[in-house]
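So the structure is just underneath, and the comments pick up after that.
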There are 4 protein chains.
Amino acid sequence: MPRVSAEHLANRRRQILDAAANCFARNGFHRTSMQDIVRESGLSAGLIYRYFTGKDDMILAIVDEWHTTRAAGLEAAGDPLDGYLDLLRAIAAPEADRQRKLSMQAWAETVREPRIRALARQGVDEQAAAFGATVPDAAIRVLVAIYQGLLLQAAWDDELDVEAFVAAVRSTAVTLTGRAPRTEASDVTKEP
Amino acid sequence: MPRVSAEHLANRRRQILDAAANCFARNGFHRTSMQDIVRESGLSAGLIYRYFTGKDDMILAIVDEWHTTRAAGLEAAGDPLDGYLDLLRAIAAPEADRQRKLSMQAWAETVREPRIRALARQGVDEQAAAFGATVPDAAIRVLVAIYQGLLLQAAWDDELDVEAFVAAVRSTAVTLTGRAPRTEASDVTKEP
Amino acid sequence: MPRVSAEHLANRRRQILDAAANCFARNGFHRTSMQDIVRESGLSAGLIYRYFTGKDDMILAIVDEWHTTRAAGLEAAGDPLDGYLDLLRAIAAPEADRQRKLSMQAWAETVREPRIRALARQGVDEQAAAFGATVPDAAIRVLVAIYQGLLLQAAWDDELDVEAFVAAVRSTAVTLTGRAPRTEASDVTKEP
Amino acid sequence: MPRVSAEHLANRRRQILDAAANCFARNGFHRTSMQDIVRESGLSAGLIYRYFTGKDDMILAIVDEWHTTRAAGLEAAGDPLDGYLDLLRAIAAPEADRQRKLSMQAWAETVREPRIRALARQGVDEQAAAFGATVPDAAIRVLVAIYQGLLLQAAWDDELDVEAFVAAVRSTAVTLTGRAPRTEASDVTKEP
DNA sequence: GATGAATGAGGATTCATTCAT
DNA sequence: GATGAATGAATCCTCATTCAT
């Protein structure tokens with residue numbers, strides 16, 4: 001089955017990364033064996049090593065991908081405050097369950113893996129950049145902290161009242177940043 | 001009548017837990033082997049198993065101990081808001097380095113270990129209880145989130161401007177809780 | 001009627017064998033992976049398996065080829081003693097580096113591969129045959145031993161004084177075989 | 001079973017090294033799996049790694065031990081020429097079968113393992129030192145070569161006429177070294 | 001009580017070989 | 001013919017845990 005399309009390669013990579021992310025979210029990086037990933041992906045052990053040099057490489061790829069995704073999301077949002085509040089809702093949404101668990105694992109890895117720590121710090125810096133120089137650094141860091149803490153709390157508690165949380169943040173955020181969010185109304189609206 | 005005093009037993013336990021905490025903070029739970037802890041503690045493998053049933057047991061003991069310590073600190077503080085702000089400064093202090101790393105590890109474990117997850121949630125609830133029923137739940141959760149995020153950011157960045165961060169939080173906290181902290185002045189004061 | 005010429009096939013075989021020999025000499029048979037040979041040859045894995053049934057087959061082919069080459073050289077030389085001394089110089093020459101390393105690998109394989117052991121023994125016998133029945137078997141075996149030992153020593157020591165070695169052997173060989181080499185002078189002459 | 005005597009440790013090491021040497025001689029270094037050694041030794045995998053860092057470490061230990069043994073034997077012999085001839089007989093004896101096979105394996109390793117190559121060269125140098133400065137270097141190297149070649153030939157041929165070989169070497173050796181061996185008679189004597 | 005030697009299952013990774021394209 | 005993606009058994013090694021001394 002040689003001479004395979006670039007698309008095929010990309011799909012395979014996706015398939016592996018997806019399987020790995022599922023396993024990692026379920027059991028953590030270190031409780032996940034390569035065999036688990038092999039099983040989950042439906043591929044063979046050998047093939048996986050043609051795409052990644054090892055487990056650490058896969059971890060880094062997953063963290064990196066998430067970093068990129070989030071940065072893109074941030075940039076896409078017009079207003080930084082709106083973008084931030086959207087980010088809050090997104091990370092607390094039920095669909096983000098896997099991502100929350102992965103983030104928690106990644107944070108634990110920052111202790112021993114400089115590249116992951118670098119990405120983590122970069123994430124904070126990029127949020128700061130999104131707000132621009134007018135907002136004080138400390139204020140931004142508080143907002144990022146809120147995001148991080150929300151991620152944890154949503155991971156631990158399915159029934160967390162996200163809208164109330166976000167509403168509480170909004171007033172705070174306005175004070176901290178000196179900016180006003182797009183619309184008050186939209187925030188209050190619950191999902192149908 | 002035991003051969004050795006209860007105090008001796010407690011000291012041994014302390015010694016083991018301390019060695020384990022050092023290793024865990026340095027390399028994470030899963031990159032730490034029991035042999036590492038044996039070495040660090042200066043005790044023998046067999047002895048350690050007379051105090052703990054295994055590695056998971058030690059992890060739980062460490063997390064539990066920290067939970068208790070923090071809860072005690074919270075209770076000791078007279079005013080809940082003052083207590084909270086002190087907690088922020090404490091967790092961001094250089095001396096708390098080991099604790100920050102341990103917390104990050106513990107958070108990662110919440111994914112797979114219900115007892116650790118339970119402790120994590122309990123931590124949030126206790127903070128809420130400290131503030132009492134007058135402060136809305138969402139507001140308290142935001143404050144806890146800030147604490148959690150600060151822990152992460154301080155772990156990643158030695159040069160984080162903690163006082164500026166705390167100052168930013170205070171104004172926010174006043175809004176959120178409808179309370180005023182004891183003294184404004186004390187917060188601004190840098191350590192000598 | 002084959003699609004490709006017999007010459008083409010022979011060239012391919014040569015190409016593969018050369019690549020394999022390079023790898024084997026560099027890292028030994030067992031530290032060389034098929035992938036290494038694939039890389040070195042510039043061909044594909046699948047193609048290599050159309051020429052050889054596997055790694056062992058290639059090892060055998062290389063050993064066999066060397067055996068044939070040496071036997072031919074021996075036959076080409078007119079006088080057996082001259083031929084022998086030429087062989088000594090040849091195996092100790094810098095250009096023979098790869099061959100020395102391959103021979104050492106082959107010798108190690110004689111332990112577990114009867115066909116290679118058979119070739120090794122045959123090499124000794126052929127040398128005996130070259131000298132003819134007049135020279136005692138033990139004497140010939142001593143000469144062969146010297147050849148073998150020189151191969152090793154030249155492999156381990158770039159600066160081995162080959163001419164002095166050969167000179168020492170010549171006097172010995174004359175005694176052992178009861179024959180005189182062609183010319184004393186030629187042996188002393190260094191390469192320009 | 002803690003606090004074990006130094007003797008116990010030495011015996012264990014011996015046990016492992018013996019098992020490994022058996023396996024290595026039987027199948028070569030690289031066809032021998034650690035599991036083979038585990039089986040042959042009757043110990044567990046984990047224990048073996050308390051004595052050796054890995055397979056390479058065991059190989060080196062075996063080569064090193066042989067090097068030491070042979071050097072000691074050389075020193076023990078009074079007359080260097082007698083010592084040398086004894087060495088020849090010893091390496092060609094049926095009991096030396098395992099050692100011959102190990103040496104052949106070790107020689108193959110000289111290609112990729114500098115420490116083994118160093119030991120190999122050292123072996124040649126020590127033989128030279130045993131003869132002293134009076135005998136020309138080239139002559140000694142020829143004698144060493146004969147030893148090496150005899151090792152190979154005895155490994156390949158059970159029925160090699162060792163006494164005839166040694167007898168042929170003796171006359172040669174006398175010429176080469178300008179020395180006379182202790183007794184002619186003893187050399188001719190066959191083992192009963 | 002205390003030790004640390006011993007276990008052996010489990011983990012990550014490699015690699016000879018095949019075969020669909 | 002030629003390719004190289006895919007396989008999966010086999011390998012080396014680690015490590016939590018036990019238990020004889």
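In the text below, chain A, chain B and the rest are named by the order of the sequence lines, each starting its count at 1. Source: prediction; values computed, not measured.
Residue A:Y51 has a polar side-chain atom (N or O) positioned under 4.0 Å from OP1 or OP2 of F:dA6. Proximity of A:H8 to the phosphate of F:dA6: a side-chain N or O atom is located under 4.0 Å from OP1 or OP2. Listed pair C:R12 / F:dG1 fails the phosphate criterion, with no side-chain N or O lying under 4.0 Å from OP1 or OP2. Contact annotation: B:R50 side-chain N/O to E:dG1 OP1/OP2 distance is under 4.0 Å.
E:dG1 atom C1' lies 16 Å from atom CG of B:N11, rounded to whole Å. In this entry the distance linking CE of C:M58 with C1' of E:dA16 reads 12 Å, nearest Å. Remark: P of F:dT11 and CZ of C:R31 are 14 Å apart, rounded to the nearest angstrom. What separates CZ of A:F52 from C1' of E:dT14 is a distance of 18 Å, to the nearest Å. Atom-to-atom, CD1 of C:I37 to C1' of E:dC15 comes out at 12 Å; the value is rounded to the nearest Å. Rounded to whole Å, the distance from CD1 on C:I48 to P on E:dC15 is 15 Å. The CZ atom of A:R39 sits 15 Å away from the P atom of F:dT7 (whole-angstrom rounding). Between B:N27 atom CG and F:dC15 atom C1' there is a gap of 15 Å when expressed in whole angstrom units.
Checking E:dA20 for Watson-Crick or G-U wobble geometry (two distances, each under 3.5 Å) identifies F:dT3 as its partner. When both distances must be under 3.5 Å, the Watson-Crick or G-U wobble mate of F:dA10 is E:dT13.
Within the nucleic acid shown, B:T32 comes within 4.0 Å of sugar-phosphate atoms alone, with no base atom in reach, counting heavy atoms only. At a threshold of 4.0 angstrom between heavy atoms, the contacts of D:G46 include nucleobase atoms, whether or not backbone atoms are also involved. Within the nucleic acid shown, D:T53 has no heavy atom closer than 4.0 Å to any nucleic acid atom.
The side chain of A:S33 sits closest to E:dG11 out of E:dG11, E:dA16, F:dT11. Distances from the side chain of A:K55 to the nucleotides E:dG4, F:dT7, E:dT13 place E:dT13 closest. Picking from E:dG4, E:dA12, E:dT17 the nucleotide with the shortest atom distance to the side chain of C:Y49 gives E:dT17. Out of E:dA6, E:dT17, F:dA6, the shortest distance to the side chain of C:M34 is found at E:dT17. For B:L47, whose side chain is taken as the heavy atoms from C-beta onward, the closest listed nucleotide among F:dA6, E:dA16, E:dA2 is E:dA2.
Each of B:F29 and A:A45 lies near DNA chain F, and the nucleotide nearest A:A45 is the one positioned closer to the 5' end. Ranked by how close their nearest DNA chain F nucleotide is to the 5' end, B:Q35 and C:G42 are led by C:G42.
One finds no salt bridge joining C:D36 and C:K55 here, because no Lys/Arg side-chain nitrogen approaches an Asp/Glu carboxylate oxygen to under 4.0 Å. Contact check on C:D18 versus C:R13 returns no salt bridge, with no Lys/Arg side-chain nitrogen under 4.0 Å from an Asp/Glu carboxylate oxygen. A salt bridge links C:E40 with C:R26: the closest approach of a Lys/Arg side-chain nitrogen to an acidic carboxylate oxygen falls below 4.0 angstrom. A salt bridge links D:D56 to C:R31: at least one charged side-chain nitrogen sits closer than 4.0 Å to a carboxylate oxygen. Using a cutoff of 4.0 Å between basic side-chain nitrogens and carboxylate oxygens, A:R14 and A:E65 are scored as salt-bridged.
Taken from CZ in D:R100 to CH2 in D:W156, the straight-line distance is 12.0 Å, to the nearest 0.5 Å.
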